[in-house]
Number of protein chains: 2
Amino acid sequence: MPAATPETVQRFVEAWGAMGSLWGINRSVARVHALLMATEEPLALEEIAERLQISKGNASMSLRELRTFGVVRQVEVAGERRDFYVTEPDVWLMFFRILKERKRREFDPALEAIHALVDAPGATGAVRGRLEQMADLLTTVEGVVNRFLQDPQSSRSALAFIAGMPFGRRQNGKG
Amino acid sequence: MPAATPETVQRFVEAWGAMGSLWGINRSVARVHALLMATEEPLALEEIAERLQISKGNASMSLRELRTFGVVRQVEVAGERRDFYVTEPDVWLMFFRILKERKRREFDPALEAIHALVDAPGATGAVRGRLEQMADLLTTVEGVVNRFLQDPQSSRSALAFIAGMPFGRRQNGKG
DNA sequence: TCGTGCGTTCAGAATATTGAGAACGATCGT
DNA sequence: ACGATCGTTCTCAATATTCTGAACGCACGA
């Protein structure tokens, strides 16, 4: 059973499920993940399905996805034939894996297309200017994201560092 | 007419349309935006619809959304009765507006639910530990995002600064 | 080797999202 | 004041996504 009151767990499960769309995983997957995070002992597939009111099939697919993301793991339970699942302690990892994939599929092609457009002969005046500017911006973003993706470990502490960084409150002269 | 070859513009429009899902705007809206970015002179609604092969209705709604995001503006064209549209130079702004909204709707409730869960009496051992850890992480993320959202201007230069930051390659001792 | 329990897969149902196009209302020139 | 032009809104159709549940296959015990 969960470590807190059922209602609080329930609320967390739903909120997490809704947030899934932020990083592009679907509601069921996120809800399964949330339930495992909120539960101490390993859960069997069927219990997960029952608790979340989803079909066994759906639960199975969701668990598979979570395993490929590396955020859920199967464990053996003595005297049990069924598979049991627990969450990995590092959620961070999931964000990385997903971010990486989305970047590859959605961001990279767009950046490439912009570059093609900027480099194209015939790109003139204002259009060229703003596209160049945008290409620069996206390239910067890409650089930052790549750094983060390269090394989950240190990016985490980098994040904490950035959180403490003094930008945004003092005058910031040059653009 | 666009500032570059039609094919390159086309490619950009499609790539940008596909990338839309990354920040949560739909394909049509993103494509309209892309077309305006790639076009020097103001475009009338009907021409946009024709170029993108979408209905006038859809174009109208898309333009409205882009205007509320503040990335597209209506302009008057001498001797024309129709409305014409141009893109604002600052794309950055759009990301901010959208990010802000999604944070409010998706992220904040989840963070709140986690806190409730951690604070709940009855939260025990391992579960409590990992939820606390996650709450910390998300709170840090929230802090960073809030900073960015607060001030588009300086966050932009902060981004450039971060891009040049030397994390990730040297040993990074503590947590 | 057969029967049972279990997990996975997959076709198609249910649902959510997106888009088309008709209907409408506003504005402008005459 | 009337017709023509244009933009917006809204209903319903098309499409994409998500989910269910039946069918299947595997492993184990008898």
Side-chain angles (χ1 to χ4, degrees), chain A residues 13-14 16-36 42-68 72-86 98 101-102 105-106, chain B residues 13-14 16-36 42-68 72-86 98 101-102 105-106:
Chain A
V13 164
E14 298 314 327
W16 200 250
M19 189 170 62
S21 64
L22 252 185
W23 42 79
I25 67 180
N26 84 18
R27 225 176 73 94
S28 293
V29 174
R31 296 202 326 145
V32 170
H33 184 210
L35 179 60
L36 286 172
L43 292 179
L45 185 144
E46 193 161 11
E47 189 174 355
I48 293 172
E50 267 169 26
R51 287 270 201 84
L52 300 179
Q53 305 264 61
I54 61 179
S55 67
K56 268 199 326 171
N58 190 0
S60 174
M61 306 261 272
S62 296
L63 284 166
R64 175 141 69 106
E65 204 163 333
L66 289 167
R67 267 176 294 158
T68 68
V72 158
R73 186 165 47 90
Q74 267 192 35
V75 293
E76 303 296 323
V77 169
E80 278 279 6
R81 196 169 137 190
R82 294 174 298 166
D83 298 338
F84 285 76
Y85 299 92
V86 293
I98 295 168
E101 181 60 16
R102 297 196 80 184
R105 283 212 310 251
E106 296 165 3
Chain B
V13 165
E14 298 313 328
W16 200 250
M19 188 169 62
S21 63
L22 252 185
W23 41 79
I25 67 181
N26 84 20
R27 225 176 72 94
S28 292
V29 174
R31 295 202 326 146
V32 170
H33 184 210
L35 179 60
L36 287 171
L43 292 179
L45 185 144
E46 193 161 10
E47 189 175 356
I48 293 171
E50 269 169 25
R51 287 271 201 85
L52 299 180
Q53 306 264 62
I54 61 178
S55 68
K56 267 198 328 172
N58 189 2
S60 174
M61 305 267 269
S62 296
L63 283 165
R64 174 140 68 107
E65 204 163 333
L66 288 167
R67 265 175 296 159
T68 67
V72 157
R73 187 167 45 91
Q74 266 191 39
V75 294
E76 303 295 324
V77 168
E80 279 278 6
R81 196 171 138 191
R82 294 174 297 167
D83 298 338
F84 285 75
Y85 300 92
V86 294
I98 296 169
E101 182 60 15
R102 298 197 80 185
R105 283 213 311 250
E106 297 165 2

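Each chain gets a letter, A, B and so on, in the order its sequence line appears, and its residues count up from 1.
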DNA chain D contacts made by residues 73-80 of chain A, counting heavy atoms under 4.0 Å | none

C/dG19 P sits how many Å from B/Glu65 CD, rounded?
-> 11 Å

Rounded distance (Å) that lies between atom P of C/dG5 and atom CG of A/Leu45 | 16 Å

Where the side chain of A/Arg64 is concerned, which of C/dT9, D/dT20, D/dT9 is the nearest nucleotide?
-> C/dT9

Check the distance between C/dG5's C1' and A/Glu46's CD and give it to me in whole angstrom.
-> 10 Å

Of the candidate nucleotides D/dT8, C/dG19, C/dT8, which contains the atom at the shortest distance from the side chain of B/Asn26?
-> C/dG19

4.5 Å side-chain heavy-atom contact, B/Leu45 and B/Ser60 | yes

B/Tyr85 side chain, from C-beta outward: closest of C/dT8, D/dT8, C/dG7 = D/dT8

Once each nucleotide of nucleotides 21-30 of chain C is scored for protein heavy atoms under 4.0 Å, what B/S/- sequence comes out, 5' to 3'?
-> B-----BS--

Given D/dC19, is OP1 or OP2 found less than 4.0 Å from the side-chain N or O atoms of A/Ser28?
-> yes

In terms of the nearest nucleotide of DNA chain C, which residue is placed more toward the 5' end: A/Phe84 or B/Ile25?
-> A/Phe84

How close or far is atom P of C/dT8 from atom CG of A/Leu63, stated in whole angstroms?
-> 8 Å

Specify the separation, in whole Å, of atom CE of B/Met61 and atom C1' of D/dT8.
-> 9 Å

Distance in angstrom units between A/Glu50 CD and D/dC19 C1', rounded | 18 Å

OP1, OP2 of C/dT8 versus side-chain N and O of A/Arg67: anything below 4.0 Å?
-> yes

Closest of D/dC19, C/dC6, C/dT8 to the A/Arg82 side chain is C/dC6

Grab the CZ-P distance between B/Arg27 and D/dA16 for me, whole Å please.
-> 9 Å

Is B/Glu14 close to B/Arg27 at the side-chain level, that is, under 4.5 Å between some pair of heavy atoms?
-> yes

